[in-house]
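Written below as structure tokens is the structure these notes are about.
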Amino acid sequence: MAAAGAVTTVAASYVPRTRDSFLHLLSKAVTLSHLTELHAQLLHNGFQSDIATTTKLTHRLFDFSAVHHARSLFFSFPEPDRFLCNVLVKGLASNESPRSAIAAFKRLRERKSIDLGPDNFTYAFVIPAAASVGDVKVGISLHGQVIVGGFCSDLFIGSALIDLYFKLGRDDMARKVFDEMPERDAVLCNTMVSGLGRSSRFEDSIGIFRRMVSGDGPKVDCTTVISVLPAVAELQDMRLGLEVHCLAIKLGFYSHVSVLTGLISLYSKCGAIRSANLLFGQIGRRDLISWNAMISGYAQNGLTEAAVSLFQEMQMSNVSPNPVTITSILSACAQLGALSLGQWVHGLIKSNKFDSNIYVSTALIDMYAKCGSIVEARRLFESIPNKNDVTWNAMISGYGLHGHGQEALKLFHEMVSSGTPLTRITFLSILHACSHSGLVKEGEQIFKSMKRDHGFEPISEHNACMVDILGRAGKLKEALDFIEGIPGDPGTPIWSTLLGACMVHKDTNVARMASEKLFESDPGNMGYYVLMSNIYSSDKNYPGAAFVRQVAKKRNLSKTPGCTLIEIHQKPHVFKAGDWSHPLSRAIYAELERLNGKMKEAGYQAETMTSLHDVEEEEKELMVNVHSEKLAIAFGLLSTEPGTEIRIFKNLRICLDCHTASKYISRVTQRVIVARDANRFHRFEDGVCSCGDYW
DNA sequence: CTAGGGTTAG
């Protein structure tokens with residue numbers, strides 16, 4: 001059969017054909033081998049210098065990604081015209097790389113023997129290629145050629161140039177091209193709306209949109225709505241968001257997937273996750289991007305469990321994840337401390353070859369650091385060739401989280417010498433690292449150099465970091481002086497930081513001052529009452545503690561319940577204070593009893609009922625109830641082999657008693673205990689914590 | 001020629 005088929009094919013190739021029949025067959029070809037065969041027939045029939053069939057064949061070869069074949073066909077052709085050149089440039093841009101398209105374009109221009117005289121179509125192909133390469137020189141030269149060629153008022157080229165300048169980071173030039181256009185259509189304006197949004201010029205992006213809505217210029221179309229949504233989302237402008245949503249409904253775009261996706265992202269960023277979810281349910285055919293938007297929406301709003309289960313649902317719907325999906329899931333893993341899920345995702349990344357994506361690799365570093373594997377995070381960091389500012393920031397803050405201040409400092413200086421641009425977040429990360437490691441001098445130096453050498457004016461978060469550095473180190477007087485020196489209102493976060501420092505250093509006087517400011521500026525926040533009450537308790541001022549709690553109670557405030565998570569054999573177990581709901585509760589409490597005995601022998605002193613004589617019954621119970629941290633640790637000890645590291649995650653800051661107890665437990669059991677709390681990591685080993693009690 | 005989704009700090 002096969003032999004017979006081959007004979008027929010060969011025979012067919014000797015049938016002479018006309019140009020029209022060749023053109024017809026070329027456009028009908030459905031496989032690359034058809035095309036190759038037709039090429040052979042063209043040569044056999046003497047069509048090698050026919051421009052129409054050669055152009056068609058080149059075009060079709062690019063359709064099948066036969067780049068080499070197409071290229072050699074082109075260059076063996078003696079006198080290509082503009083159209084054939086356009087086919088080559090366009091084909092290279094979409095098949096091979098924008099770079100080779102630009103290179104081909106340049107070569108063609110240099111071949112003076114051919115009168116190329118690139119037309120507006122050529123520019124419409126080559127300008128986007130230059131834009132995606134981000135080559136400034138090529139870009140500016142192309143703009144010059146457009147002016148010389150007299151194509152300035154061409155709307156296609158105008159839009160391409162505007163987009164090019166945005167991608168080159170020259171929004172001033174984009175604006176200039178836009179302003180000088182004699183006539184504007186929707187595409188041109190849309191290019192401006194989206195470009196301004198991508199350049200973080202959110203208000204300006206919305207400004208162009210508003211003008212279109214008010215009837216000044218071309219009418220708003222579907223793309224306009226889609227393009228303006230990211231800017232609205234970034235500003236978290238819910239009012240405008242609702243306006244845009246209404247407009248979309250009015251114009252009939254309400255069921256358009258991209259519009260709905262943009263709205264989902266908008267509502268997620270505004271914290272309106274219910275609305276986002278509602279819209280997600282309205283999408284007829286969910287595509288990859290809409291799944292991603294919803295997954296990321298959940299992850300951003302702390303609904304990490306929901307994010308992970310939607311990820312699973314997405315895979316069951318036979319939609320394959322891409323690097324964007326992976327990034328959101330890794331961010332959820334990092335928040336959850338879900339190392340085993342994170343490792344599984346890492347496997348997925350390797351098998352899908354997503355490693356080279358910088359968002360993915362940065363999110364991986366962050367995940368490993370936040371899940372306790374700082375060594376693995378660093379190993380990955382070293383293997384990344386194209387690190388950006390965010391990558392460095394993630395690694396520096398990872399070290400900070402683990403209390404490795406010196407490593408963080410070393411990396412910070414390496415970052416400076418690497419020439420990577422520093423950002424405000426870089427300074428927040430390194431200042432936090434200093435505060436978590438008690439590096440006061442170093443922190444002060446960096447704070448000074450931030451303004452002096454790098455031109456960053458400190459914002460309130462940086463000031464809060466400095467207060468934290470001084471406060472944690474016990475320099476409460478200096479911290480107060482520092483606050484005095486801040487121009488204007490220092491702001492709530494600063495006082496809250498100071499209050500936290502008072503907790504560590506049991507300074508009731510400064511604490512009272514800070515808490516007064518806080519109760520005044522943010523009376524509905526239970527956190528400050530809890531903190532103040534804990535400060536009184538740790539100073540053994542139980543009536544004071546009880547009083548603060550009573551005030552909070554009268555104001556009907558409730559505390560976020562503390563809970564601790566531990567993963568055993570890839571299964572999560574969550575404990576609350578005084579929890580008896582776990583099936584192994586009896587064994588867990590027995591283990592705690594046993595541990596208490598051993599810890600006391602080693603010198604541990606727990607708060608006892610007798611020391612709480614001035615406290616009301618209800619308060620007493622709260623104070624001596626077995627905290628979730630201890631339950632999780634005891635369960636971990638029972639469920640793992642001796643010597644295994646215990647990893648726990650707490651949603652709030654670990655309390656003083658549990659911190660001390662964990663140190664003792666690590667000694668008497670000879671186990672390493674790693675505790676991730678709301679602030680940082682604590683690694684307890686042989687009676688010592690890695691935080692050096694700077695918690 | 002334009003359009004929706006992603007990483008770091010708090």
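Letters A, B, ... are given to chains in the order of the sequence lines, protein chains preceding strands, and every chain is numbered from 1.
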Roughly how many Å is it from CE in A:Met395 to C1' in B:dT7, rounded to a whole number? 15 Å
Distance, rounded to the nearest Å, where A:Leu364 contributes CG and B:dT8 contributes P: 12 Å
So, is A:Ser429 near the phosphate of B:dA9, with a side-chain N or O under 4.0 Å from OP1 or OP2? no
Whole Å only: how far is the CZ atom of A:Arg424 from the P atom of B:dT8? 19 Å
Considering only heavy atoms from C-beta outward, does the side chain of A:Phe209 approach that of A:Leu196 to under 4.5 Å? no
Could you tell me how far apart A:Ile358 (CD1) and B:dT8 (C1') are, to the nearest whole angstrom? 11 Å
With under 30° as parallel and over 60° as perpendicular, where do the rings of A:Phe482 and A:Phe447 fit, or are they tilted in between? perpendicular
Between atom OH in A:Tyr368 and atom C1' in B:dT8, what is the gap in whole Å? 18 Å
Quickly work out the A:Ile459 CD1 to B:dA9 P distance and round it to whole Å. 14 Å
Can you check the A:Asp389 CG to B:dA9 C1' distance for me, whole Å? 12 Å
Among A:Leu330, A:Asn388, A:Ile384, the one residue meeting side chain to side chain contact (heavy atoms under 4.5 Å, CB included) with A:Ser361: A:Ile384
Under the 3.5 angstrom rule, does the side chain of A:His404 hit a backbone N or O of A:Gly400 as a donor-acceptor pair? no
Is any side-chain heavy atom of A:Leu409 closer than 4.5 Å to a side-chain heavy atom of A:Ile446? yes
Can you check each nucleotide of nucleotides 1-6 of chain B against protein heavy atoms at under 4.0 Å and return B for base, S for sugar-phosphate only, - for none, in 5' to 3' order? BBBBBB
Hey, is the side chain of A:Lys370 poking within less than 4.0 Å of OP1 or OP2 on B:dT7, counting only N and O atoms? no
A:Leu422 CG - B:dT8 C1' separation (whole Å): 13 Å
Does the side chain of A:Tyr368 pick up a donor-acceptor pair with the side chain of A:His346 at under 3.5 Å? yes
